[in-house]
A.B. asks: 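What follows is a structure written as structure tokens; I'll ask about it next.
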Amino acid sequence: MKILLFSPYLNPPHFGGGEKYLFDVALTLVKEHQVYIGLSESGSLNLERIQDIKQQYQEFFDCDLSALKFISTPLKTKANFFKKLWWTKKFDAIFYASDGSFFFSLAKLNVAHIQFSLKIDQRGWLKQKKLKSWDYKISNSNFTKKIVEPSWPVRIDLVHQPMIRTEKFCIGVDLQKKEKIILNVGRFFSHLHSKRQDILVDIFKRLKKKYKKETAGWKLVLIGGVEDQEYANKVKKLAKGQDIEILHHVGRQELINWYKRSSIYWHATGYRINDEEEPEKVEHFGISTVEAMAAGNAPLVIGKGGQLEVVGEDLKKWTWLVKRDCIKKTAQVIRNQDLRLDLQKAAQKRAEKFGAKIFEAKLKAIFSQ
């Protein structure tokens, strides 16, 4: 099959979980099909620019994208309706990572991936017509499915959670030799599902103050690119003078090494947010949490949105909603090495649920129709 994968966020480049997911889909499908990555024509999108985008993604995600063909597309541009519609006919299938909007396609098989838990009114006649024209609607988590189905409304045919190649994160990890590091990974921005590094800095300062003796030698490491410089500056100012390290430019292999070194993983997206009323402000899934778990980090993450789905029932009691609970539970894990080890082992076992086998099997079932 000749398959197009398209996301409106691929140009200019974004380097988040959605992009990682899309390339994991592409690299799975390219084993048996011809796979094209569509880049919207905005400004000067010549061959040199296309190759530059491809190279950036290869380097950031540390993967080989040479088998994929990157091409320009009129989708999501000001091109007229018929030009865009006719362009889609050249493909046997289109896999679309939707931003909440939809378009008509003449491909034989059309698959829409919904990765944002947005309450969007899709009840209009034309919107419903577009939605129903897609053969499969899939979501990145059960949380997204729960929010989207009744509010759009639409039927989600399949939950297809992101894939984590767990073997990359656990090789060479000795849980007994983990360092005194609490880690958080996520881009620095203040809008929508902000990773709330500011909250984590405050929690860490309170933790160190209340449990001075127990936390001696422990530090907080925040890793992530900057999308909002003002917010990043704010976090840096809050962290000044503390045992906190902030890293904005970290390659994929270096990031994996930080996962392997760290003992505890924190996540605060959705802090003080009602995930039923404002689901777009909580984590829809949480790839970084799974990666940290695969590397043997005890996950002490906020108990909202997709994070609950990631940690599962056995680790659910170690989630938190308010600062004092995060502080209390983190202190318990720091003081009790045996407990920490048990949580780290349980986290690694849970992370295996998001491995390649299930991910690839679900994709093959769709594209073997």
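Numbers here are sequence positions counted from 1. Values below: all heavy atoms of this structure, side chains included; hydrogens, waters and symmetry mates excluded.
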A.B. asks: Ring centroid separation for His160 and His113, is it under 6.0 angstrom?
C.D. replies: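 When the ring centroids of His160 and His113 are compared, they turn out to be at least 6.0 Å apart.
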
A.B. asks: Just do the salt bridge (Lys or Arg N to Asp or Glu O under 4.0 Å) check on Lys31 and Glu360 with the steps written out, would you?
C.D. replies: CA-CA 11 Å; Lys31 296 173 184 177; Glu360 293 179 355; 3.2 Å; yes

A.B. asks: Sequence neighbours left out, what passes side-chain contact (heavy atoms from CB on, under 4.5 Å) with Glu277? Give chain and number order.
C.D. replies: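 Partners of Glu277 under the side-chain contact (heavy atoms from CB on, under 4.5 Å) test: Asn274.
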
A.B. asks: Which residues pass the ring pair (Phe, Tyr, Trp, His ring centres under 6.0 Å) test with Tyr259, not counting sequence neighbours?
C.D. replies: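 Scan of Tyr259 (ring pair (Phe, Tyr, Trp, His ring centres under 6.0 Å), adjacent residues dropped) gives Phe169.
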
A.B. asks: Can you confirm whether the side chains of Ser117 and Thr144 place a donor and an acceptor under 3.5 Å from each other?
C.D. replies: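 Note: Ser117 and Thr144 side chains meet the donor-acceptor criterion.
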
A.B. asks: Would you say the side chain of Leu238 lies within less than 4.5 Å of the side chain of Phe204, judging by non-hydrogen atoms?
C.D. replies: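 Result no, sub-4.5 Å side-chain heavy-atom pair not found.
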
A.B. asks: State, without any angle test, whether Trp320 and Thr330 hold a side-chain donor-acceptor pair at a distance under 3.5 Å.
C.D. replies: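 No, Thr330 and Trp320 have no side-chain donor paired with an acceptor closer than 3.5 Å.
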
A.B. asks: Please check if the side chain of Lys281 supplies one atom and the backbone of Ile273 the other of a donor-acceptor pair under 3.5 Å.
C.D. replies: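 No; judged by distance alone, with no hydrogens or angles, the pair does not exist.
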
A.B. asks: Please find out if less than 6.0 Å separates the ring center of Phe143 from that of His284.
C.D. replies: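 No, they do not, as the ring centres are separated by 6.0 Å or more.
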
A.B. asks: Do Thr73 and Tyr36 meet the criterion of a side-chain donor-acceptor pair at a distance under 3.5 Å?
C.D. replies: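 Checked: Thr73/Tyr36 side chains show no N/O donor-acceptor pair below 3.5 Å.
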
A.B. asks: Does the distance from a Lys or Arg side-chain N to an Asp or Glu carboxylate O, for Glu291 and Arg252, drop under 4.0 Å?
C.D. replies: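 Result for this pair is yes, salt bridge flagged.
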
A.B. asks: Are any non-hydrogen side-chain atoms of Ile50 and Lys54 less than 4.5 angstrom apart?
C.D. replies: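 Of all side-chain heavy-atom pairs linking Lys54 with Ile50, none is under 4.5 Å.
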
A.B. asks: Do the side chains of Lys205 and Asp202 get close enough for a salt bridge, i.e. N-O under 4.0 angstrom?
C.D. replies: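 Salt bridge absent between Lys205 and Asp202.
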
A.B. asks: Kindly indicate whether the side chain of Ile223, heavy atoms from C-beta on, has any atom under 4.5 Å from the side chain of Leu183.
C.D. replies: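 Yes, close enough: below the 4.5 Å cut-off.
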
A.B. asks: For the backbone of Ile327 and the side chain of Arg206, can you confirm whether one donor and one acceptor N or O come within less than 3.5 Å of each other?
C.D. replies: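 The answer is no, because no donor-acceptor pair under 3.5 Å joins these two groups.
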
A.B. asks: Would a 4.5 Å heavy-atom cut-off, applied to side chains only, mark Gln332 and Trp318 as touching?
C.D. replies: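 Sidechains of Trp318 and Gln332: in contact.
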
A.B. asks: Would Phe104 and Trp134 count as a close aromatic pair, with their ring centres under 6.0 Å?
C.D. replies: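 No; Trp134 has its ring centre 6.0 Å or more from that of Phe104.
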
A.B. asks: Please identify which of these residues, His267, Glu309, Lys304, meets the side-chain contact (heavy atoms from CB on, under 4.5 Å) condition with Glu283.
C.D. replies: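 Exactly one option meets the side-chain contact (heavy atoms from CB on, under 4.5 Å) with Glu283, and it is His267.
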
A.B. asks: Flag the pair Lys329 and Asp325 as a salt bridge only when some basic side-chain nitrogen lies within less than 4.0 angstrom of an acidic carboxylate oxygen.
C.D. replies: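 Salt bridge flag = no for Asp325 with Lys329.
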
A.B. asks: Check whether Lys84 reaches the backbone of Thr77 with its side chain - one donor and one acceptor, N or O, closer than 3.5 Å.
C.D. replies: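 Judged by distance alone, yes, a pair lies under 3.5 Å.
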
A.B. asks: Just to verify, what does Gln128 make a side-chain contact (heavy atoms from CB on, under 4.5 Å) with, not counting sequence neighbours?
C.D. replies: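 Testing Gln128 for side-chain contact (heavy atoms from CB on, under 4.5 Å), a comparison that skips the adjacent residues, returns Gln122, Leu131, Lys132, Pro153.
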
A.B. asks: Using the side-chain contact (heavy atoms from CB on, under 4.5 Å) criterion, which residues pair with Ser263? Sequence neighbours excluded.
C.D. replies: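 side-chain contact (heavy atoms from CB on, under 4.5 Å) check on Ser263 returns Lys178, Trp218, Arg340, Gln344.
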
A.B. asks: Tell me, please, which residues at least two apart from Cys63 pass side-chain contact (heavy atoms from CB on, under 4.5 Å).
C.D. replies: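 side-chain contact (heavy atoms from CB on, under 4.5 Å) check on Cys63 returns Leu27, Phe61, Leu65.
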
A.B. asks: List in chain and number order the residues that pass ring pair (Phe, Tyr, Trp, His ring centres under 6.0 Å) with Phe6, two or more places apart in sequence or in another chain; answer none if no residue qualifies.
C.D. replies: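 Here the qualifying residues are Tyr96.
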
A.B. asks: Does the plane of the ring in Tyr57 sit parallel, tilted or perpendicular to the ring in Phe23? Use 30° and 60° as the thresholds.
C.D. replies: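 Answer is tilted, since the angle falls between 30° and 60°.
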
A.B. asks: Treating Asp92 as the side-chain partner and Lys2 as the backbone partner, does any N or O pair qualify as donor plus acceptor under 3.5 Å?
C.D. replies: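 Confirmed, Asp92 side chain pairs with Lys2 backbone.
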
A.B. asks: Does Asp135 come within less than 4.0 Å of Lys108, counting only side-chain N to carboxylate O?
C.D. replies: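 Salt bridge: no.
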
A.B. asks: Can Gln55 and Glu59 be counted as having a side-chain donor-acceptor contact under 3.5 angstrom?
C.D. replies: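 There is such a pair between these side chains.
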
A.B. asks: Could you go step by step and tell me if Arg196 and Thr269 meet the side-chain contact (heavy atoms from CB on, under 4.5 Å) rule?
C.D. replies: CA-CA 6 Å; Arg196 297 312 306 266; Thr269 300; 5.6 Å; no

A.B. asks: Over 60° means perpendicular and under 30° means parallel, so tell me whether Phe354 and Phe285 are parallel, tilted or perpendicular.
C.D. replies: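 It falls in the perpendicular class, over 60°.
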
